[in-house]
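Encoded as structure tokens, the structure appears first; notes follow it.
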Amino acid sequence: MEIVHVAAECYPVAKAGGLGDVVGALPKYQAELGHVAKVVMPMYRTKFLYTNEWELVHEGGQQMGSHFFHYSVIKEKTNKLGFDLYLVDINGLLDREKIYGYDDDTERFMAFQIAVCDWISKWTHQPDVIHCHDHHTGFIPFMVKYCFAFSKLAGIPTVFTIHNAQYQGWISWDKYYYLPAYDSYKWGLLDWNNMINPLASAVKCAWKVTTVSNSYLEEMRYAANGLENLFEYERGKSLGILNGIDTQVWNPETDNMIVKNYDKELVEKGKMRNKKELAGQFGLDPDKPLITFIGRLVGEKAADLLPEAISQSIYQHHGHANFLILGSGDPELEDRLDQMKHQFKGYYNSYIGYNEQLSHLMYAGSDFLLMPSRVEPCGLNQMYALRYGTIPMVRTVGGLKDTITDFGDWQGFGIRFNEASVWDITYSVGRAIDLYNNKPDLYSWMRSHMMTIDHSWDGAAQQYINLYQSLK
Ligand code: ADP
């Protein structure tokens with residue numbers, strides 16, 4: 001099959017979170033299964049662009065409202081990532097360093113989607129499926145069906161994957177004219193609560209909708225930032241496919257971003273060497289259990305609870321654990337987490353910012369990884385933690401619920417708690433300290449057992465292929 005993935009992120013070209021990891025891995029595994037997988041994304045000005053070789057494959061122009069724009073499409077020459085990678089450039093809109101966060105993100109991603117549809121409509125053949133990811137590509141299922149300029153594409157099946165339903169890309173109706181001319185009877189397919197809503201539109205128009213875990217699929221019917229009824233209504237064409245992890249990138253045996261490689265047999269020594277490196281860098285005590293958090297500092301991840309939960313844990317458990325945070329997001333929270341370094345010197349430290357290399361070292365050198373998320377569609381961090389022998393401490397929600405069991409249950413290998421609250425986190429920290437200090441056999445069994453759990457993409461990649469084939 002020929003599959004075209006369209007997305008705003010793709011690791012290692014540009015990544016802000018799990019979406020990038022998924023779009024960087026799924027196509028590679030689909031290609032390994034013998035299919036032609038292509039990724040199309042905006043041409044941001046990231047390091048990857050300047051350090052690789054490209055060829056120009058298409059140039060074109062289209063209208064966005066009254067604005068005519070030129071675009072070009074380049075292709076990575078060497079198939080370095082294991083799939084065909086295409087970047088779309090639009091001067092003045094996509095030629096930026098960051099992926100998101102600009103005032104004109106609406107215009108940027110609208111123009112990107114128009115360019116992608118225009119380019120594919122110029123092909124001499126048609127792909128078997130267009131697979132769109134998250135709201136930045138949510139207009140495509142509508143555009144291929146109902147925009148006159150792309151009528152040639154109307155028969156191509158579209159699949160839409162929701163990696164996060166909190167962000168929907170809302171646009172006010174006064175910008176309706178940005179969309180290329182379409183069958184105006186169909187305007188309702190763009191609308192949700194008097195706003196143009198690309199995520200809702202994709203759920204209505206795509207042939208199939210997937211999300212990244214079964215539990216999240218269920219939860220969206222009760223909590224989806226206003227779209228609950230839509231998910232209930234479209235249940236029949238929706239399914240959950242749990243993300244995998246790229247086991248070539250995330251492998252403690254070969255990872256060159258950590259200081260000591262290790263496997264299941266050498267886990268204890270290997271992790272201790274990495275932990276000592278972290279402890280040295282951040283002024284922590286390698287003999288105490290190290291509990292870390294890696295992620296976006298936003299409400300969804302319950303990052304706002306961290307300052308209080310960490311202070312309480314340090315007081316209540318008499319400083320028997322150390323904490324380290326890597327994250328960026330809400331500026332006020334960033335400040336607080338940074339300031340706390342001085343108050344809890346020797347017990348707590350943080351790195352505010354995005355640092356891929358440090359994240360690898362933390363998965364390898366931590367004893368526990370904390371994820372108190374309020375919402376977690378799939379979550380990749382806990383799967384990386386498993387692979388690196390780091391015990392996940394997770395709230396029972398979404399993909400965390402589907403991948404982690406509590407050590408109190410039969411063959412359990414993690415720590416689970418029910419509420420995103422300071423109390424639940426503090427209590428779980430107590431359980432972690434007890435496990436680390438008083439239950440060495442169980443602790444070491446959990447570590448080596450979790451490293452054997454297979455969360456590779458092989459199974460999920462095939463599930464997507466089966467889904468595409470069902471649309472033929
Ligand atoms: P989300 O996509 O909601 O942010 P996921 O758990 O699906 O959450 O994916 C998060 C990914 O982003 C993981 O690969 C994680 O290691 C990475 N990540 C998040 N924040 C940072 C950071 N500050 N520095 C490095 N990597 C980060």
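Scope of the values below: all heavy atoms of this structure, side chains included, with no hydrogens, waters or symmetry mates. Ligands are counted one by one from 1 in listed order, and the atoms in each one are counted from 1 as well.
The aromatic rings of Tyr262 and Tyr388 lie perpendicular to each other, with more than 60° between the two planes, well past the 30° mark.
Nearest protein heavy-atom contact of atom 20 (N) of ligand 1 is Gly295 CA, 3.4 Å. The single protein non-hydrogen atom nearest to atom 4 (O) of ligand 1 is Arg296 NE, 2.8 Å, given as residue, atom name and distance. In terms of protein heavy-atom proximity, atom 16 (O) of ligand 1 is closest to Tyr363 OH, 2.8 Å. Looking from atom 10 (C) of ligand 1 to the surrounding protein, the closest heavy atom is Asn381 OD1, 3.4 Å. With hydrogens left out, the protein atom closest to atom 7 (O) of ligand 1 is Gly18 CA, 3.3 Å, a heavy atom. In terms of protein heavy-atom proximity, atom 23 (N) of ligand 1 is closest to Gly353 O, 2.9 Å. In terms of protein heavy atoms, atom 27 (C) of ligand 1 is closest to Tyr354 CE1, 3.4 Å. At the shortest separation from atom 14 (O) of ligand 1 among protein heavy atoms lies Asp21 OD2, 2.7 Å.
Distance CD/Glu218 to CG/Asp402: 10.0 Å, rounded to 0.5 Å.
Of the listed residues (Trp250, Tyr384, Tyr11), just one forms a side-chain hydrogen bond (donor to acceptor under 3.5 Å, both in side chains) with Asp21, and that residue is Tyr384.
In this structure, Tyr464 has its ring center closer than 6.0 angstrom to the ring center of His131.
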Decide side chain to side chain contact (heavy atoms under 4.5 Å, CB included) for Ile114 and Met143; before the verdict, give the C-alpha distance in whole Å, the side-chain angles of both, and the deciding distance to 0.1 Å.
-> CA-CA 8 Å; Ile114 294 171; Met143 285 185 187; 3.7 Å; yes
Decide yes or no on side chain to side chain contact (heavy atoms under 4.5 Å, CB included) for Leu442 and Arg447, but give the supporting numbers first.
-> CA-CA 9 Å; Leu442 176 59; Arg447 273 219 293 222; over 6 Å; no
Given the rule in the side chain to side chain contact (heavy atoms under 4.5 Å, CB included) test, do Trp457 and Thr247 qualify, once you have shown the distances and angles that lead to the verdict?
-> CA-CA 8 Å; Trp457 267 106; Thr247 47; over 6 Å; no
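For ligand 1 and Gly379, the ligand atoms under 4.0 Å from any heavy atom of the residue are 6 (O). Close approach to Tyr384 involves these atoms of ligand 1, each under 4.0 Å from a residue heavy atom: 13 (C), 14 (O).
The backbone N or O of Glu334 sits nowhere less than 3.5 Å from a side-chain atom of Arg336 that would complete a donor-acceptor pair. A donor-acceptor pair under 3.5 Å is formed between the side chain of Glu9 and the backbone N or O of Gly17.
Atom NZ of Lys345 is surrounded by 12 or fewer heavy atoms from other residues, nucleotides or ligands within 6.0 Å.
At least one N or O atom of Lys15 sits closer than 3.5 Å to an N or O atom of ligand 1. For Leu326, no nitrogen or oxygen atom sits less than 3.5 Å from a nitrogen or oxygen atom of ligand 1, counting backbone and side chain alike.
Using a 4.0 Å cut-off between heavy atoms, Asn355 contacts ligand 1 through its backbone alone, with no side-chain atom that close.
Contact annotation: Tyr351 has no heavy atom less than 4.0 Å from any atom of ligand 1. For Cys378, the heavy-atom gap to ligand 1 stays at 4.0 angstrom or more.
For atom 1 (P) of ligand 1, the choice among Gln382, Lys301, His163 with the nearest heavy atom turns out to be Lys301.
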